[in-house]
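Report on one structure; see the data block that follows.
Just follow the structure's listing: the first ligand is 1, and inside any ligand the first atom is 1.
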Amino acid sequence: MSKQHDKGTALITGASSGIGATYAERLAQRGYDLLLVARDLQRLEALGGRLAQENGVKVEVLRADLTDRADLLALEQRLRGDAAISLLVNNAGVAMNGSLAEADLDKVEQLIQLNVVALTRLSAAAAANFGAAGRGAIINLASVVALAPEMFNAVYSASKAYVLSLTQTLHGELAKLGVQLQAVLPGVTRTEIWERSGMDATQLPPEMIMEVGEMVDASLAGFDQGELVTMPSLPDAADWQALVGARDKLGPNLSRSSAAARYK
Ligand SMILES: NC(=O)c1ccc[n+]([C@@H]2O[C@H](COP(=O)([O-])OP(=O)(O)OC[C@H]3O[C@@H](n4cnc5c(N)ncnc54)[C@H](OP(=O)(O)O)[C@@H]3O)[C@@H](O)[C@H]2O)c1
């Protein structure tokens with residue numbers, strides 16, 4: 001029999017492996033009930049069964065391919081109407097490798113469907129649900145390549161820049177309603193994503209690779225501190241603040257009635 005919890009339910013997409021599975025474990029330990037979503041039902045059931053038993057929380061698993069419109073709309077509807085859900089972890093994502101000119105464009109479209117379209121629809125549903133209730137939180141998994149697009153694949157980096165931007169704007173819309181937003185920007189983290197997208201993380205310098213437990217624990221520490229943007233490995237938070245400050249300095253000059261002198 002599960003205990004009574006007041007944290008509500010955390011909906012985690014891509015919970016069958018890697019970062020999502022680790023969020024599931026840590027959030028169960030914090031007393032959240034769980035709604036775990038991915039395509040691999042067997043893995044979800046194995047994880048969910050263990051976490052329910054170890055932590056005395058309720059765990060529901062849901063098989064959904066979030067690139068499939070019917071599956072996505074069903075989950076979106078559930079999220080929009082379920083008052084028990086108090087936290088959305090928008091984590092499901094895929095990566096890819098290589099140049100855009102040589103890319104398989106069907107794979108590109110699938111990436112955008114998952115990393116951008118699904119994340120957007122689920123963010124919107126959570127925003128409506130949590131905003132009306134005046135509580136709740138959305139954690140969106142971006143990546144450090146949102147800030148370093150030259151380092152990696154164009155479409156993946158652009159999808160993560162989208163996630164960062166969306167989260168920053170949503171924060172402006174939802175903070176005043178009592179909803180917490182966080183964009184998490186991991187660096188290289190040891191998960192299956194590398195081999196799934198045809199890359200070999202073992203070729204990278206070991207000092208660049210973080211273990212997944214450490215990454216998620218740091219992100220949850222940032223969440224507890226109310227950070228809007230969390231970069232787990234960035235030693236000095238002032239470096240991020242300096243970038244925000246430089247951006248703010250551009251603000252008053254981004255839209256003016258006349259062109260800059262150098263263009264005349
Ligand atoms: N690992 C890194 O270095 C790193 C760095 C920065 C950001 N990230 C981001 O962190 C997030 C999690 O990645 P990860 O490293 O944990 O990768 P992962 O181990 O490959 O996990 C990806 C998860 O997404 C699910 N998924 C994939 N396609 C799906 C679909 N069509 N519908 C529903 N679920 C789907 C997978 O489950 P099924 O296969 O069972 O569906 C799996 O649970 C991603 O958004 C990724 O971009 C990762």
Among all protein heavy atoms, pick the one closest to atom 17 (O) of ligand 1 and tell me residue, atom and distance. Ile193 CB, 3.3 Å
Could you walk me through whether Asp248 and Val244 pass side-chain contact (heavy atoms from CB on, under 4.5 Å), step by step? CA-CA 6 Å; Asp248 289 348; Val244 172; 3.8 Å; yes
Any atoms of ligand 1 less than 4.0 Å from a non-hydrogen atom of Ala142? List them with their elements. 6 (C), 7 (C)
With heavy atoms of Glu192 as the reference, note each atom of ligand 1 found under 4.0 Å away. 19 (O), 20 (O)
Could you identify the single nearest non-hydrogen protein atom to atom 18 (P) of ligand 1 and state the distance to 0.1 Å? Ser17 OG, 3.5 Å
Give the residue and atom name of whichever protein heavy atom lies nearest to atom 3 (O) of ligand 1, and the separation in Å to one decimal. Thr189 N, 2.8 Å
Verify, without hydrogens or angle tests, whether Gln113 (side chain) and Val108 (backbone) share a donor-acceptor contact under 3.5 angstrom. no
Near Asp40, which atoms of ligand 1 are under 4.0 Å from a heavy atom of that residue? 40 (O)
Name the closest protein heavy atom to atom 14 (P) of ligand 1, giving the residue it belongs to and the distance to 0.1 Å. Thr191 OG1, 3.5 Å
Under 4.0 Å from any heavy atom of Asp65, which atoms of ligand 1 are there? 30 (C), 31 (N), 32 (N)
With a 4.5 Å limit on heavy-atom distance, are the side chains of Pro186 and Leu141 in contact? yes
Salt bridge Asp224-Arg30, side-chain N to carboxylate O under 4.0 Å: yes
Just going by heavy-atom distances, which of Gly187, Ala64, Ala146 is nearest to atom 5 (C) of ligand 1? Gly187
Nearest-option assignment for atom 8 (N) of ligand 1, heavy atoms, candidates Trp194, Tyr23, Tyr156: Tyr156
Could you state whether Leu164 and Ile138 fall into the same hydrophobic cluster, counting links through intermediate Ile, Leu, Val, Met, Phe, Trp or Tyr residues with side-chain heavy atoms under 4.5 angstrom apart? yes
In terms of residue, atom name and distance, what is the protein heavy atom nearest to atom 43 (O) of ligand 1? Ser16 OG, 2.8 Å
Check each atom of ligand 1 against the heavy atoms of Val188 and keep those under 4.0 Å away; list them by number with element. 3 (O)
Which protein non-hydrogen atom lies closest to atom 32 (N) of ligand 1, naming both residue and atom, and how far is it? Leu66 N, 2.9 Å
Do the non-hydrogen side-chain atoms of Tyr162 and Thr120 ever get within less than 4.5 Å of each other? yes
Hey, does Met215 have a side-chain heavy atom less than 4.5 Å from the side chain of Ile19? yes
Inspect the surroundings of CD in Glu192 and state if more than 12 heavy atoms from other residues, nucleotides or ligands are less than 6.0 Å away. yes
Quick one: does ligand 1 sit under 4.0 Å from the side chain of Val37, the backbone, both or neither, non-hydrogen atoms only? neither
Ala15 heavy atoms within 4.0 Å reach ligand 1 at atoms 43 (O)
Tell me the protein heavy atom at minimum distance from atom 20 (O) of ligand 1, and give that distance in Å. Arg196 NE, 3.1 Å
Would you mind reporting whether Phe223 and Gln180 have side-chain heavy atoms less than 4.5 Å apart? yes
Backbone N or O of Leu114 within a donor-acceptor pair of the Thr67 side chain at under 3.5 Å? no
Could you list the atoms of ligand 1 found under 4.0 angstrom from a heavy atom of Gly93? 22 (C), 24 (O), 44 (C), 45 (O)
In terms of residue, atom name and distance, what is the protein heavy atom nearest to atom 24 (O) of ligand 1? Gly14 CA, 3.5 Å
Ala38 N/O to ligand 1 N/O under 3.5 Å: no
Would you say Asp200 and Trp194 make side-chain contact, with heavy atoms under 4.5 Å? no
Counting only nitrogen or oxygen atoms and a 3.5 angstrom limit, does Ile19 reach ligand 1? yes
For atom 44 (C) of ligand 1, which candidate among Asn91, Leu141, Leu204, Thr13 holds the nearest heavy atom? Asn91
Before giving the answer on side-chain contact (heavy atoms from CB on, under 4.5 Å), spell out for Leu147 and Met231 the whole-Å C-alpha distance, their side-chain angles and the decisive distance to 0.1 Å. CA-CA 11 Å; Leu147 302 173; Met231 270 169 271; 3.8 Å; yes
Under 4.0 Å, heavy-atom basis, I'd like to know which part of Lys160 is in contact with ligand 1: side chain, backbone, both or neither. side chain
Is a donor on one side and an acceptor on the other found under 3.5 Å between the side chain of Thr191 and the backbone of Ile193? yes
Identify, by atom number and element, the atoms of ligand 1 in contact range of Gly18, meaning under 4.0 Å from any of its heavy atoms. 16 (O), 19 (O)
Are Ser16 and Arg63 linked by a side-chain donor-acceptor pair shorter than 3.5 Å? no
